[in-house]
Amino acid sequence: RQIYIVESYSTYLNKARGFKHVSSNYLLRFTTSLNELLDNAERMIDLSTKFLKSDYFKMSDNERITALENTEKKMSSVQTTLDIEMNTLEMKEKDGTLKESLKQF
């Protein structure tokens, strides 16, 4: 998941840079949101690493597995949010392109 999130982040930022019909305010909100999501993902990964250390938290194996499963769910949520943010941005770009094309008629 971590690799997917980092690759998506990079891909989405590169795509967003090429958009011509999305306002700079929306692009700023988008990049800020992506940065926050990436930061959250990094914190979750760090926490997961700590869960795996037997001397960091006093937990049973079952509690560790549950904690890791919860982290996986949160990472999945981050991934979904990244995808939704990008889809929204792409729709705005397509809408702007369509409007521009219609003006030519």
Decide yes or no on side-chain contact (heavy atoms from CB on, under 4.5 Å) for L82 and L38, but give the supporting numbers first.
CA-CA 9 Å; L82 276 171; L38 187 62; over 6 Å; no
Partners of T11 by side chain to side chain contact (heavy atoms under 4.5 Å, CB included), sequence neighbours excluded?
K15
Pairs where residues 26-47 contributes a residue and the test salt bridge (charged side-chain N to carboxylate O under 4.0 Å, His left out) is met, not counting sequence neighbours:
none
For residues 16-26, which side-chain donor-acceptor pairs fall under 3.5 Å, sequence neighbours excluded?
| unit_1 | atom_1 | unit_2 | atom_2 | d |
| --- | --- | --- | --- | --- |
| R17 | NH1 | N14 | OD1 | 2.7 |
| S23 | OG | Y26 | N | 3.1 |

Value for CZ (F30) from OG1 (T88), rounded to nearest 0.5 Å, stands at 9.0 Å
To the closest 0.5 Å, what do you measure between CE (M44) and OG (S77)?
7.5 Å
Any heavy-atom pair between the side chains of K73 and S76 that's under 4.5 Å?
no
Taking atom CE of M86 and atom CG of L13, what is their separation to the nearest 0.5 Å?
9.0 Å
Is the closest side-chain heavy-atom distance between I45 and M75 below 4.5 Å?
yes
Side chain to side chain contact (heavy atoms under 4.5 Å, CB included) partners of N35, counting only residues at least two apart:
Y9
Quick test of your reading: applying salt bridge (charged side-chain N to carboxylate O under 4.0 Å, His left out), list the pairs with at least one residue in residues 96-105, sequence neighbours left out, ordered by first then second residue.
D95-K99
Report yes or no: does S10 contribute a side-chain atom to a donor-acceptor pair with the main-chain N or O of E7 at less than 3.5 Å?
no
List for me each residue that meets side chain to side chain donor-acceptor pair (under 3.5 Å) alongside Q79, sequence neighbours excluded, and say none if there are none.
R1
Tell me whether L47 shares a hydrophobic cluster with M59, the cluster being built from Ile, Leu, Val, Met, Phe, Trp, Tyr side chains joined at under 4.5 Å.
yes
Looking at CG of L34 and OG of S8, how far apart are the two atoms once the value is rounded to the nearest 0.5 Å?
9.5 Å
